[in-house]
Visitor: 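One structure, as structure tokens, below. Some questions next.
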Amino acid sequence: TTIEFSLPRATEVSLVIFNLLGQNVATLADRAPYSPGVHSLQWDGRDYSGNPTASGVYFYRLTAGDYVEQKKMMLLK
């Protein structure tokens, strides 16, 4: 799964994946500095331990400075 986002200015970005129970499954960026422009991060469907996650609905939360966005995504295998 590729998550694409655009930044108008340099800022720190966090991108976290959650399951339906609200449990943190993976962190793709943890307050990492990003320059202005279009960026993308990929989630390979694995958890923190490298184990494959089950098919189903997941959420991601993108935080860039004061901006926060949460979206739903479906993982199919």
Side-chain angles (χ1 to χ4, degrees):
T1 300
T2 300
I3 301 166
E4 190 172 284
F5 57 96
S6 177
L7 299 173
R9 63 183 179 282
T11 190
E12 290 183 344
V13 172
S14 295
L15 188 100
V16 182
I17 310 291
F18 296 94
N19 63 17
L20 278 174
L21 299 176
Q23 298 167 323
N24 189 334
V25 174
T27 298
L28 304 183
D30 187 15
R31 298 184 325 170
Y34 278 82
S35 60
V38 178
H39 303 276
S40 63
L41 294 171
Q42 292 188 348
W43 180 45
D44 62 2
R46 297 182 184 275
D47 65 13
Y48 281 112
S49 302
N51 299 316
T53 56
S55 293
V57 176
Y58 291 85
F59 296 90
Y60 71 83
R61 182 179 301 133
L62 173 69
T63 305
D66 295 333
Y67 177 78
V68 179
E69 176 181 68
Q70 184 165 310
K71 295 229 176 167
K72 180 169 59 170
M73 59 185 169
M74 177 76 73
L75 177 65
L76 300 173
K77 294 185 179 184

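The figures here come from the full heavy-atom set of this structure, side chains too, leaving out hydrogens, waters and symmetry mates. What you are looking at is a predicted structure, and each value in this text was computed from that prediction instead of being measured.
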Visitor: Using every non-hydrogen atom in the two residues, find where F59 and N19 come nearest and quote the distance to one decimal.
Guide: CD1-O, 4.2 Å
Visitor: Output yes when a side-chain donor or acceptor of S6 lies under 3.5 Å from a complementary backbone atom of V38, and no otherwise.
Guide: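 No.
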Visitor: List the atom of P36, the atom of P8, and the distance in Å for their closest heavy-atom pair.
Guide: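 Scanning both residues completely, I find the closest heavy atoms to be CB-O, 3.8 Å.
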Visitor: Once you round to the nearest 0.5 Å, how far does CE of M73 lie from OH of Y60?
Guide: 7.5 Å
Visitor: Taking the six-membered ring for Trp, are the ring centroids of Y58 and W43 within less than 6.0 Å of each other?
Guide: yes
Visitor: Rounded at 0.5 Å granularity, tell me how far CG in L62 sits from CG in L7.
Guide: 7.5 Å
Visitor: Does atom NZ (K77) have a neighbourhood of more than 12 heavy atoms from anything else shown, all under 6.0 Å?
Guide: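 Yes - once you tally the heavy atoms of other residues, nucleotides and ligands closer than 6.0 Å, there are more than 12.
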Visitor: What are the two closest heavy atoms between S40 and T2, and how far apart are they?
Guide: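 The answer is CB-CG2, 3.8 Å.
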Visitor: Does the side chain to side chain contact (heavy atoms under 4.5 Å, CB included) test come out yes or no for Y34 and L41, once each step is laid out?
Guide: CA-CA 12 Å; Y34 278 82; L41 294 171; 3.3 Å; yes
Visitor: Looking at CD1 of I3 and CD of E69, how far apart are the two atoms once the value is rounded to the nearest 0.5 Å?
Guide: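 So the CD1 of I3 and the CD of E69 are separated by 10.0 Å.
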Visitor: With heavy-atom distances below 4.5 Å as the criterion, would you say the side chains of F5 and V13 are in contact?
Guide: yes
Visitor: For N24 and I17, which heavy atoms make the closest approach, and how far apart are they?
Guide: OD1-O, 3.5 Å
Visitor: Side-chain heavy atoms nearer than 4.5 Å, only ILVMFWY residues, links allowed to pass through others: does that put L76 and L20 together?
Guide: yes
Visitor: Do any N or O atoms from the side chain of S14 and from the backbone of R31 form a donor-acceptor pair under 3.5 angstrom?
Guide: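 Yes; at least one donor-acceptor contact below 3.5 Å.
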Visitor: Holding to side-chain hydrogen bond (donor to acceptor under 3.5 Å, both in side chains), I want the full list of residues that pass it with R46, two or more places apart in sequence or in another chain.
Guide: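 Result, side-chain hydrogen bond (donor to acceptor under 3.5 Å, both in side chains) vs R46: none returned.
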